[in-house]
Asks: 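Provided herewith is a single structure, encoded as structure tokens, for subsequent inquiry.
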Number of protein chains: 2
Amino acid sequence: MLDAALAVFAEKGYEGATLDEVAERAEFGKGTLYNYFPGGKESILFALLDEVYDGLVAIIEAYFTDEAEQHRPTRALFRDFIAALIAYFSERQAVFMIMVKEAQRLMLDGNTAARIFAQRERLAETTAAPIQAAMDRGALRPMDAHGVAHMLMGNVHGYMMYASCPPVDGDHHRKARAFLSSPEKGADFIATILFDGLLTEQARA
Amino acid sequence: MLDAALAVFAEKGYEGATLDEVAERAEFGKGTLYNYFPGGKESILFALLDEVYDGLVAIIEAYFTDEAEQHRPTRALFRDFIAALIAYFSERQAVFMIMVKEAQRLMLDGNTAARIFAQRERLAETTAAPIQAAMDRGALRPMDAHGVAHMLMGNVHGYMMYASCPPVDGDHHRKARAFLSSPEKGADFIATILFDGLLTEQARA
DNA sequence: TCAGAAGGTGACCGATCAGTCACTTGGCGC
DNA sequence: GCGCCAAGTGACTGATCGGTCACCTTCTGA
């Protein structure tokens, strides 16, 4: 049932989606929706977002607790983490769309901001742990690990927006974007910027 | 009149805003709105977004063509550019909200994606020029300047989302976020990540 | 076999709102 | 002062949609 809501909300957006359509997609009557979600349309959205964030937290935790990943070089560890996130979103366009269209909107709305922000904190917290560990062992610059985690997620988001947009007519950057269109290439791109930095060696002198 | 639309759309979101409210805020009758924007609600939104993007392109161009800025060290130039962007959005919360809530949504909607994406390309193009110049003179790593420009804008967006969110109850990161809450601190944070890179010197060996 | 519960249903209702249009207002030329 | 046009107006309408509820259809257990 939440799968149906995911598909419809992702396609039409929360406001544009009708419960009739969600019900039809779920192969239930509209009344049944209200048996499961007495809170109505909004509670369906929140349940959906909870599920989406739970899924994300789960794969992040799984990645960083995987025994094999534990003792790899820091840069390779995070580069592949970024690749895994990009692959995850690429295979789940609807999940990505919900997060962009609805979660961002709700985050900027006073009534719902706290709820969504708490979910994003969970995400950031989960990602911040291995970042803090890498800082502690001297592999990463000592900074606010929590803030770095937010920015890392933000970079993946930015990359997905950039990469997933349809080519514009007469777009002379199509080639450049195609270059970035695999999770591996995208992860290299982001990792180079974030971990190596944009400055050349001589510019640092 | 677009100012009124900006305020109302930013507060309630496009779908949630009513034209009655826009008209009231603008101190016009609803019919007058249709004299100016025969295309109705949607054409008001597009006119508004055009204005928003024009304003952004203008300040970016102004920053990079300012004579005094021309020959500063690359890192300082871009660090201050980031600070200027953060300050711009901080002073114009409504502009930021429109871009997050509506532009992002429209970018992921097949019918309107091309139009919004073209505007973002203009932004990226404007920012890409000085980045390309810095690459050409060997100050920045040779990469896809256009992609780097997108990621830079994305980082400012990510930072704004992170910084502008209201503190959550029991949020033990409030202090960390307060640390980032001035444009100067935020720009230092982003510039360190993007230009210097997260890896420590010894981890690069 | 039947009573009753649990789960499912969709026609209906009331509220909302984008868009319309017959009308008013005010200012300008003559 | 008058005619006329441009600009402005808001009550109205038709469509849409969230939410309700009286009813139906299993299923269970006695």
Side-chain angles (χ1 to χ4, degrees), chain A residues 1-52 94 97-98 101-113 115-116, chain B residues 1-52 94 97-98 101-113 115-116:
Chain A
M1 198 133 86
L2 284 177
D3 286 350
L6 175 67
V8 176
F9 286 170
E11 190 189 344
K12 313 261 180 163
Y14 173 72
E15 306 279 358
T18 70
L19 289 186
D20 286 302
E21 201 169 348
V22 173
E24 190 186 3
R25 187 92 156 222
E27 296 181 313
F28 278 110
K30 182 156 62 153
T32 312
L33 251 49
Y34 280 85
N35 289 345
Y36 285 81
F37 301 98
K41 197 182 185 187
E42 196 175 61
S43 78
I44 296 177
L45 178 60
F46 282 130
L48 181 55
L49 284 173
D50 286 347
E51 200 187 58
V52 162
M97 288 204 179
I98 288 287
K101 286 184 181 175
E102 306 312 331
Q104 297 237 14
R105 177 176 64 81
L106 294 173
M107 250 181 102
L108 293 178
D109 178 330
N111 300 323
T112 50
R115 175 147 189 185
I116 301 298
Chain B
M1 196 134 83
L2 284 176
D3 285 350
L6 174 68
V8 176
F9 286 169
E11 190 189 342
K12 313 261 179 160
Y14 173 72
E15 305 277 0
T18 70
L19 289 186
D20 286 302
E21 201 169 349
V22 173
E24 189 186 3
R25 187 89 156 227
E27 295 181 314
F28 278 111
K30 181 154 64 152
T32 311
L33 250 49
Y34 280 84
N35 289 346
Y36 285 82
F37 300 99
K41 198 181 185 187
E42 196 175 60
S43 78
I44 296 177
L45 177 60
F46 281 130
L48 180 56
L49 285 173
D50 286 348
E51 200 186 57
V52 163
M97 287 205 180
I98 288 286
K101 286 184 180 173
E102 306 313 331
Q104 298 238 14
R105 176 176 64 80
L106 294 173
M107 250 182 102
L108 293 178
D109 178 329
N111 301 324
T112 50
R115 174 146 191 186
I116 302 298

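To find a chain, count down the sequence lines: A is the first, B the second, and so on, and within it residues start at 1. No hydrogens, no waters, no symmetry mates; every other heavy atom, side chains included, goes into these values.
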Asks: Measure OH/Tyr34(A) against C1'/dC12(C) and give the value in whole Å, please.
Replies: 14 Å

Asks: With a 4.0 Å cut-off on N to O distance, would you call Arg115(A) and Asp50(A) a salt bridge?
Replies: yes

Asks: Name all pairs fulfilling the salt bridge (charged side-chain N to carboxylate O under 4.0 Å, His left out) condition that reach into residues 31-47 of chain A, sequence neighbours left out, sorted by first residue then second.
Replies: none

Asks: Would you give the length of the straight line joining atom CD1 of Ile116(A) to atom CZ of Arg105(A), rounded to the nearest 0.5 angstrom?
Replies: 9.0 Å

Asks: Atom CD of Glu24(A) to atom P of dA11(C): distance rounded to whole Å?
Replies: 13 Å

Asks: Rounded to the Å, how far apart are Ile44(B) CD1 and dC17(C) P?
Replies: 15 Å

Asks: Which part of the nucleic acid does Ala26(A) contact within heavy-atom distance under 4.0 Å: base, sugar-phosphate only, or nothing?
Replies: nothing

Asks: How close or far is atom P of dT16(C) from atom NZ of Lys12(B), stated in whole angstroms?
Replies: 12 Å

Asks: Using every non-hydrogen atom in the two residues, find where Met1(B) and Thr32(B) come nearest and quote the distance to one decimal.
Replies: CE-O, 4.5 Å

Asks: Name each donor-acceptor pair under 3.5 Å that joins a side chain in residues 15-27 of chain A to protein atoms two or more places apart or in another chain, with its distance.
Replies:
{"from": "Thr18(A)", "atom 1": "OG1", "to": "Glu21(A)", "atom 2": "N", "distance (Å)": "3.1"}
{"from": "Glu21(A)", "atom 1": "OE2", "to": "Lys12(A)", "atom 2": "NZ", "distance (Å)": "3.4"}

Asks: Name all residues meeting the salt bridge (Lys or Arg N to Asp or Glu O under 4.0 Å) criterion together with Asp3(A); count only those two or more places apart in sequence or in a different chain, and write none if there are none.
Replies: none

Asks: Where do N or O atoms of nucleotides 22-24 of chain D meet protein N or O atoms at under 3.5 Å, pair by pair?
Replies:
none

Asks: Rounded to whole Å, please give me the gap between OH in Tyr14(A) and P in dC17(D).
Replies: 13 Å

Asks: Of all heavy-atom pairs between Thr112(A) and Leu106(A), which one has the smallest distance, and what is that distance?
Replies: OG1-O, 2.9 Å

Asks: Please list all pairs passing the ring-ring contact (aromatic ring centres under 6.0 Å, His included) test where one or both residues lie in residues 10-44 of chain B, with sequence neighbours left out.
Replies: Phe9(B)-Tyr14(B)

Asks: Please name the pair of heavy atoms, one in Ile44(B) and one in Ala5(B), separated by the smallest distance, quoted to 0.1 Å.
Replies: CG2-CB, 3.7 Å

Asks: For Leu19(A) and dC17(D), give me the distance from atom CG to atom C1', rounded to whole Å.
Replies: 8 Å

Asks: Protein within reach of the bases, or only the backbone? For nucleotides 8-13 of chain D, mark each nucleotide 5' to 3' as B, S or -, using heavy atoms under 4.0 Å.
Replies: BBB---

Asks: Could you state the NZ-C1' distance from Lys41(B) to dA15(D), rounded to the nearest angstrom?
Replies: 15 Å

